[in-house]
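To start, the structure under review is shown below, and the notes come after it.
A, B, ... follow the sequence lines: proteins, then strands. Residue 1 opens every chain.
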Amino acid sequence: MNSLSILASAAANSEGFEGLSGALLLMAIGMFTVFIVLLLVIYVGKCLILFVNKFVPEEVKEAPKTASFASVQAVDAVTADIIAKAVNTLTGGKGKVESIKKI
Amino acid sequence: MNSLSILASAAANSEGFEGLSGALLLMAIGMFTVFIVLLLVIYVGKCLILFVNKFVPEEVKEAPKTASFASVQAVDAVTADIIAKAVNTLTGGKGKVESIKKI
Amino acid sequence: MNSLSILASAAANSEGFEGLSGALLLMAIGMFTVFIVLLLVIYVGKCLILFVNKFVPEEVKEAPKTASFASVQAVDAVTADIIAKAVNTLTGGKGKVESIKKI
Amino acid sequence: MDILENIYGMTAIGKLIADPSYIVMIALGFVLLYLGIKKQFEPLLLVPIAFGVLLANFPGGGLGVIAADGEGCVEYLKNGVMVRQNIYEDMTIPEIAHDLGIMNMLYYALIKSGLLPPIIFMGVGALTDFGPMLRNLKLAIFGAGAQFGIFAVLIVASQCGFDMKEAGSLAIIGGADGPTAIFTTLKLAPHMLGPIAIAAYSYMALVPVIIPLVVKLTCSKEELSINMKEQDKLYPNKTEFKNMQALKILFPIVVTTIVAIIVPDAVSLIGMLMFGNLIKEIGNSTSRLFQTASNGIMNTATIFLGLCVGATMTVDAFLNLKTIGIVAGGFCAFGLSIFGGICLAKVYNLFAKKKINPLIGATGLSAVPMASRVANDIALKYDPKNHVLNYCMSSNVAGVIGSAVAAGILISFLG
Amino acid sequence: MDILENIYGMTAIGKLIADPSYIVMIALGFVLLYLGIKKQFEPLLLVPIAFGVLLANFPGGGLGVIAADGEGCVEYLKNGVMVRQNIYEDMTIPEIAHDLGIMNMLYYALIKSGLLPPIIFMGVGALTDFGPMLRNLKLAIFGAGAQFGIFAVLIVASQCGFDMKEAGSLAIIGGADGPTAIFTTLKLAPHMLGPIAIAAYSYMALVPVIIPLVVKLTCSKEELSINMKEQDKLYPNKTEFKNMQALKILFPIVVTTIVAIIVPDAVSLIGMLMFGNLIKEIGNSTSRLFQTASNGIMNTATIFLGLCVGATMTVDAFLNLKTIGIVAGGFCAFGLSIFGGICLAKVYNLFAKKKINPLIGATGLSAVPMASRVANDIALKYDPKNHVLNYCMSSNVAGVIGSAVAAGILISFLG
Amino acid sequence: MDILENIYGMTAIGKLIADPSYIVMIALGFVLLYLGIKKQFEPLLLVPIAFGVLLANFPGGGLGVIAADGEGCVEYLKNGVMVRQNIYEDMTIPEIAHDLGIMNMLYYALIKSGLLPPIIFMGVGALTDFGPMLRNLKLAIFGAGAQFGIFAVLIVASQCGFDMKEAGSLAIIGGADGPTAIFTTLKLAPHMLGPIAIAAYSYMALVPVIIPLVVKLTCSKEELSINMKEQDKLYPNKTEFKNMQALKILFPIVVTTIVAIIVPDAVSLIGMLMFGNLIKEIGNSTSRLFQTASNGIMNTATIFLGLCVGATMTVDAFLNLKTIGIVAGGFCAFGLSIFGGICLAKVYNLFAKKKINPLIGATGLSAVPMASRVANDIALKYDPKNHVLNYCMSSNVAGVIGSAVAAGILISFLG
Ligand code: NA
Ligand code: NA
Ligand code: NA
């Protein structure tokens, strides 16, 4: 929401996009731009892959990233597993962990 | 806080409830209304019980609700128990869990 | 940020601390005050130690304070230890806990 | 210019000597900290309030709340000129922060606007379980009887130098509910916010003293020995609950509707209370919202509410005769509310076969869940097998609804 | 003065009888609660929205959002006089709270200002994984094709009595993205916020119905049986990833830059989305921020966004013909977007050797991750070994970028 | 009208070509991201700041902070007309959001108001342990000596083209404390906020480089080998602690009182710091508040502070000669503060029997706890048995108080 740029061109806009022709023009602009942006994302993304492979090919050492969602859930799974096994062992197989929830 | 309704009747109010008689009137209105509301809560609540028993008699299947406070604490108790037992087993009874706190 | 006091003395201030002499004066005031404050903290702190030793010598009973950061981390360490041992026992020494993270 | 002179001018020492009432207020801050920390008087609110009192009363710190006068105006020095501005109509939030400091900004944006009490009520709702009330619905009526103190003290206070709005704010202390008392006072008499909030939370902390006192004065040993479980066996409750979860989901929606139709001015409080309860009872699918409402949001609101309420306790706002009236009147309102609940129970027992322990009337006060625990302890003293906790929780939770309704009525007719 | 008369005046009963359209809105609130709770229609947002509808429509509760008129003005009674004020220029936040209640305060400070949608997008970003998209970058193009519904419905709506701004707001429902739809509507046609938000979230909840419907109408059995893994074996992807973590850190920065340069008006949304993603992917050193952005902040924003959006649904704002247009137009936009994605996949298959399952086009819609799951289920029906989930996630996540870009274009040219 | 022409007009490409200084700022954003992510320069703040720089400098994105001029006014186009408004007195929060975008709204409501730095300090306090300081109270005096750089650079800067307010803001970088530096700059010279905040956090991240440098230049091997534990054995400390918990609860209250009386303008910072510490030390009964203050509130404040501070770094605010002065002056302030602490330790050693390792003087700087860790590493190099960490923590934590006091003095005399 950039008031300055919008407002500067407001006079033009409010007239330019009225009626069917305006809507059609907007469709053309819109679909074209959306494609341009995603094509750029794709091709710049590919360049990025090449760049990373060439210049930073190895994983950073401080690897165990907590924040990464996947690994967090992996840890959770491990923890759940441990607790489940502990319960099993300790209760002689009678106890069972129904669900473990993190608040 | 509905300014519109309050303000519309403001002239009336500010005079209507001055002095001892005003305070007594307000007491009558207040206690009466409080009783009305809670009686409605009780009787509509009873209708609700009948309604639920008749039309939704069974528990929803997605039963294990995390959010339910009670169950959360139950899980905690279970977990605490497990950890306590694990410590006991692993430390040969020498270690003891003083308290387990969730941050 | 007390606008009243600041603004009341604004006229004086804006003139009083211009130029090299003003900056030097401010340095004198500043370093002097910083020392005064920290000396007060030190000596009042010492009085406080004496006061506490004399009048509230014993630890409050509701001792296991969760909030205390140190104890929280201690609990974490204990928990980590337990889980590590449990994993070790249960996996016959094959499994290893790489890292345990609290989300 | 002398260094020491400059330093002395900067410090608050001169102002403390010139007006020692600041020192009285600072001492009050220490006393409240002592009560909150050592005596465990509702520490979650009393510690922030006490610290707010402290921060507000160091002269020159600029952290005291400047109360708007009757016309909503504040006066202060700006660029050396005394200006008078309507704080609601003329001053934007950044301007309040710039000219009057962040505590006034927080106060006018979050507290005086009436925002935080309903938000805290959302958290309270998320931590409330209506199960015991649903299992003993009939007992909810004592949540109405125990609002007696509110209206009784309203009458007395209005005859003792308080105007009707002030009397209403004072009286709501008898509702034994912090957010409700603060919300009502903000609408009716914001200049009394500090003392009323502190009185309300202090008396709530003193429930283990006040309830036994009133009970001892009004109840016989026989009455206190009425065993609710035995009564249940004698006159069994035929209600069965086939789907408690559905019931708990529907209940907050229904109560919101009832209260909103009868007392529209209570809907900010009751609506948010019930919304908090609803997102808890729905379970998994809204548990993210429940977690945040009952933790992050509620704790944040509590910190800022406490600090700001404390910061309203400036010399002018506290050191006057009305404060004594608030302390005394609040105590009476509290005691009379308990008395009202007990009386209703006694009247009920006159007519009903199935008797009710008057302690269940006393807990209609609210102050959840401490009142219920205290009542249970008293009951156990008279009969070690008499566990009344679950019965008390019904009237106790109903008392929260009752006092919010009473608040709505006061705001509606006096606001 | 009579007690009962006073009580009746206080209650909302008189107003409900005088104008029964309130009851229609309250019933709508119940229906939305039913959809959110029982039918699990996006409960995280629909439950707060529904409760907001409820709270807003109890007459006298003062919790409905008062929409500013075309000049930004609101009219209301103040001290018995009808006043007309520009709510942006003349009314401070505390004044809005004081005169119009806390719901209007929250609405004008948090929602109408455009603050909460980008903040929710920050949380969405923190919960999004761009990994599947990076592994199948080419498929991201279907996130562009599936914006077709937006612009198609824009044309139709602009010819059916909606002005261009309203048509744009209606059309953005076809983006299948809640915060994007709300953000766009706030900029273009805030008076239609309630119905548009509810339509958007309802249709997102109906993705398991709508996608199969459109797919059945447009795709042959052969197309739906295209097995992506087999295609991958036939025409192997030579890209290797030597450092996924570095890639995932660089990607949000690069996408922000591209979008910000091409469509500056989309940068509030995309920038915050990518910031949220960045603090997640950086890992340990910003995990504190990630945790809070994806939990506390996002949940708080969701609660208040939901309640306020619901509170805009007052009688005037909802009970008019345009609402029907929104419901119908929104559905068409949704369906046409899916259709657009599918068509693009079919056109692609005409020219390429390596075929693409048109379901991957359908998921360009966004509605992450439900659309992908639904598409995967459909694919498994036609070929039990055809796991398309990871391929769908690429176009699905790209659809979020695509609709934010479309929103930026609409705001830029119509705002 | 041509499609491509329209698209080109929408994009930022034309503006980037017309004024390439935007590109310089975008590149600066990338450099800061690199420092924060890869070089781990205080990532919790530098990543949001860097992203804020990025967002602010895409032309047309509307996410840059528009600085108010000396009279508090901003100029901008509104409905095609250039208007000039006082942003504090004339513009409400929703109006700022509407006319200038959400980043300006956040900046003026949360940052320029001075709200977030004290709130972050509350979180810092909740994460600070005064235990080591209480055990070695005497060492706290080095937290005073290490403020020397602030006032030394103040003198130099005031002679080099900065006015006194700007000189004070620049000098406070020598306090090595982010929130303190930001708070002071907001009060004295808000137009320099971006560069000062970035310099402060960058130098704090460079503590592992700067401290060894200054130490090497000023200390002999003998001095650095002074073993504190051996000194303790030679001259034992007779203080015993019978109730550390009570002490830790009383300490923040007492420090607040002392600071508030001597330097009232420091009470926003120190008061909130100590409040955060108090709710931590009280323990169980306020742990809910502690959790939220040190997590949710602090992280939320950090995110928005970072983004907004970054967003103040627009072309005008950064690309001028003063920025170079800030970078150079800030470094000098930093180094001279360390030097001041070391000198004080040397002077002390001239007179005292019980010698003090000058590293403990160096850590008076603050930059908790990194400075202490760095000092400990240096000490271990000279004597593998010389663990000075706990001694350093005393002067280190005292340095936080010291720089807040220095900030209060600057605000008091220059504000
Ligand atoms: Na009550
Ligand atoms: Na989309
Ligand atoms: Na310092």
Does any backbone or side-chain atom of [X] lie under 4.5 Å from a heavy atom of chain E? Answer side chain, backbone, both or neither.
X: D:Leu115; result: both
X: D:Met122; result: side chain
X: D:Ile249; result: side chain
X: D:Ile297; result: side chain
X: D:Thr257; result: both

Reported [atom1]-to-[atom2] distance for the pair [X] and [Y], which is rounded to 0.5 angstrom:
X: E:His98; Y: D:Tyr108; atom1: NE2; atom2: OH; value: 10.5 Å
X: E:Ile37; Y: D:Leu250; atom1: CD1; atom2: CG; value: 8.0 Å
X: D:Ile409; Y: E:Asn6; atom1: CD1; atom2: CG; value: 11.0 Å
X: E:Met10; Y: D:Asp265; atom1: CE; atom2: CG; value: 8.5 Å
X: E:Lys38; Y: D:Ile282; atom1: NZ; atom2: CD1; value: 12.5 Å

Structural part of [X] lying under 4.5 Å from a heavy atom of chain D:
X: E:Leu33; value: side chain
X: E:Met298; value: side chain
X: E:Tyr8; value: neither
X: E:Met105; value: side chain
X: E:Ile13; value: both
X: E:Ile26; value: neither
X: E:Tyr34; value: neither

Worksheet item: Would you find a donor on one side and an acceptor on the other, under 3.5 Å apart, between the side chain of E:Asn299 and the backbone of D:Arg288?
Response: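 Judged by distance alone, yes, a pair lies under 3.5 Å.
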
Worksheet item: Quick check: does any side chain N or O of D:Thr286 sit under 3.5 Å from a backbone N or O of E:Leu44, one acting as donor and the other as acceptor?
Response: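 Not confirmed, D:Thr286 side chain does not pair with E:Leu44 backbone.
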
Could you tell me which non-hydrogen atom of [X] sits nearest to which non-hydrogen atom of [Y], and how far apart they are?
X: D:Ser113; Y: E:Ala97; value: CB-CB, 3.4 Å
X: E:Leu55; Y: D:Gly271; value: CD2-CA, 3.8 Å
X: E:Ile102; Y: D:Pro118; value: CD1-CG, 3.8 Å

Discussion item. side-chain contact (heavy atoms from CB on, under 4.5 Å) for D:Thr292 and E:Asn295? Distances and angles first, verdict last.
Written reply: CA-CA 8 Å; D:Thr292 300; E:Asn295 279 298; 5.5 Å; no

Heavy-atom side-chain proximity of [X] to [Y] below 4.5 angstrom:
X: D:Glu89; Y: E:Asp90; value: no
X: D:Ile119; Y: E:Phe304; value: yes
X: E:Gln40; Y: D:Ser285; value: yes
X: D:Ile93; Y: E:Thr92; value: no
X: D:Tyr88; Y: E:Pro94; value: yes

Practice prompt. Using the six-membered ring wherever Trp is involved, compare the ring planes of E:Phe51 and D:Phe275 and label them parallel, tilted or perpendicular (cut-offs 30° and 60°).
Written response: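 It falls in the tilted class, 30° to 60°.
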
Fill in: Residue list, side-chain hydrogen bond (donor to acceptor under 3.5 Å, both in side chains) with D:Asp69, at least two apart or on another chain
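Per chain and number, D:Asp69 pairs via side-chain hydrogen bond (donor to acceptor under 3.5 Å, both in side chains) with D:Arg84.
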
Discussion item. Out of E:Pro48, E:Ala109, E:Gly296, E:Gly9, return the one with the most heavy atom pairs under 4.5 angstrom to chain D.
Written reply: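 Greatest number of close heavy-atom pairs with chain D: E:Pro48.
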
Worksheet entry | Pairs of heavy atoms under 4.5 Å with chain D: top-ranked of E:Gly306, E:Gly29, E:Gly36, E:Pro43 |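 With the most close heavy-atom pairs to chain D, the winner is E:Pro43.
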
